[in-house]
Amino acid sequence: MKVIYALRATAGLHAVAICLQPVFAGVYLNGSPAGMRMHEPTGHALVFIGLAQLLAATFWWRTGGRWTAPAASLLITAGEVVQVTMGYSRQLAIHIPLGVALVASTVAFAIWINRRAA
């Protein structure tokens, strides 16, 4: 299997999972504690998916791909680590705008990597 296909699959999974996070937060803010029970583990999973994406992007780069893929993946994953930290410390002034930026950048990355020629 080509590395680009693994990167595309990981980026797609990453984008879908991160798009669920605002939904889970909204369920929680609507008064259901089930929202937080879904928001928290998904946040942790996103960090691991981000690391898998970073690994796939690095392999793709080392086999002739563009260096921007691992660079963007590293920034997204670092942002997710900060995001989890800010969520646990209840720093919502950082947590919410960073979450919006992470959703946008992760979805943009998934679109970008799927438009690249294999």
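We use all heavy atoms of the structure for the numbers below, so side chains are in, but hydrogens, waters and symmetry mates are not.
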Nearest heavy atoms of [X] and [Y], plus distance in Å:
X: Ala17; Y: Thr42; value: O-CG2, 3.9 Å
X: Phe109; Y: Ala69; value: CE1-O, 3.7 Å
X: Val23; Y: Cys19; value: CG2-O, 3.9 Å
X: Ala15; Y: Ala110; value: CB-CB, 3.9 Å

Between [Y] and [X], is there a side-chain heavy-atom distance shorter than 4.5 Å?
X: Met38; Y: Tyr28; result: no
X: Ile113; Y: Ile4; result: yes
X: Leu54; Y: Phe59; result: no
X: Leu20; Y: His39; result: no
X: His14; Y: Leu46; result: yes

For His44 and Glu80, test the side chains for any donor-to-acceptor distance below 3.5 angstrom and give the result as yes or no.
no
For Gln53 and Thr10, does a side-chain donor sit closer than 3.5 Å to a side-chain acceptor?
no
Between [X] and [Y] (side chain of the first, backbone of the second, donor and acceptor by atom type, cut-off under 3.5 Å), is there such a pair?
X: Gln21; Y: Gly99; result: no
X: Arg66; Y: Trp61; result: no
X: Thr77; Y: Gly50; result: yes

Set of ring-ring contact (aromatic ring centres under 6.0 Å, His included) partners for Phe48, sequence neighbours left out:
none
Let me know which of Ile49, Leu102, Ile76 forms a side-chain contact (heavy atoms from CB on, under 4.5 Å) with Ile18.
Leu102
To the nearest 0.5 Å, what is the distance between CG on Leu7 and CG on Leu55?
10.0 Å
In this structure, CD of Gln83 is separated from CD1 of Ile96 (nearest 0.5 Å) by 9.0 Å
Stepwise side chain to side chain contact (heavy atoms under 4.5 Å, CB included) test for Phe24 and Met36
CA-CA 7 Å; Phe24 296 152; Met36 188 55 69; over 6 Å; no
Examine Val82 and Val103 and state if one hydrophobic cluster contains both, with Ile, Leu, Val, Met, Phe, Trp and Tyr joined whenever side-chain heavy atoms are less than 4.5 Å apart.
yes
